[in-house]
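Below is one structure, written out as C-alpha cells; the observations come after it.
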Amino acid sequence: MAIIVDIDVQLARRKMSVGEFAEAVGISAANIAVLKNGRAKAVRFTTLDAICRVLECQPGDILRWMPEDNTSPTPRDLG
C-alpha cells in the first residue's frame, strides 16, 4: 500500500506502550496492530482525531504517502 502509518515513531517519541495508546484512543490493541502493519483499508476521522489528540501530533506526522513503485528507501524511511 502507498500509505505508510508511522504510529511506532510517535509512540517511541512519547515512550508510550501500544496498550496505553490503545486504551487512551479507545480502540483495541489488535486494531492498533492492523494500523501499524499497514493492513488497514480505512481510518475513521473520529479515530484519526483521537490518535492525534493522544499523540499530540498532526495527521501528517503519522500518515505519509509513498509511491508503490518506489523500491529504494528515502532518507525519511531510514530515520
What one should report as the nearest heavy-atom pair of L55 and I62 is CD1-CG2, 4.2 Å
Do F45 and V34 share a hydrophobic cluster, counting only Ile, Leu, Val, Met, Phe, Trp and Tyr and linking them when any side-chain heavy atoms are less than 4.5 Å apart? no
So, taking the atom named CG in N31 and the one named NZ in K36, what distance separates them when rounded to the nearest 0.5 Å? 12.5 Å
Single-linkage hydrophobic cluster, 4.5 Å side-chain cutoff, V5 and V18 together: yes
Please name the pair of heavy atoms, one in K15 and one in E20, separated by the smallest distance, quoted to 0.1 Å. O-OE1, 4.3 Å
Measuring from atom CD1 of I32 to atom CG of D8, what distance do you get when rounded to the nearest 0.5 angstrom? 10.5 Å
Can you tell if the side chain of W65 reaches within under 4.5 Å of the side chain of I4, non-hydrogen atoms only? no
So, applying side chain to side chain contact (heavy atoms under 4.5 Å, CB included) with L63, which one of L48, D6, I51, V43 is it? L48
Is there a side chain to side chain contact (heavy atoms under 4.5 Å, CB included) between S28 and E23? Walk through the geometry before answering. CA-CA 7 Å; S28 70; E23 185 174 334; over 6 Å; no
Closest heavy-atom pair and its distance - A40, L35: CB-CD2, 3.7 Å
Non-hydrogen atoms of L11 and S17 that approach each other most closely: CD2-O, 4.5 Å
Under a single-linkage definition using a 4.5 Å side-chain heavy-atom cutoff for Ile, Leu, Val, Met, Phe, Trp and Tyr, are M16 and I7 assigned to the same hydrophobic cluster? yes
Say you draw a straight line from CZ of R53 to OG1 of T46; how long is it, rounded to the nearest 0.5 Å? 10.0 Å
Counting only N and O atoms by type, is there a donor-acceptor contact under 3.5 Å from the side chain of D61 to the main-chain atoms of Q58? yes
Atom pair CZ/CD of R14 and E56 - distance to nearest 0.5 Å: 6.5 Å
Heavy-atom pair of closest approach, residues C52 and P59: SG-N, 3.6 Å
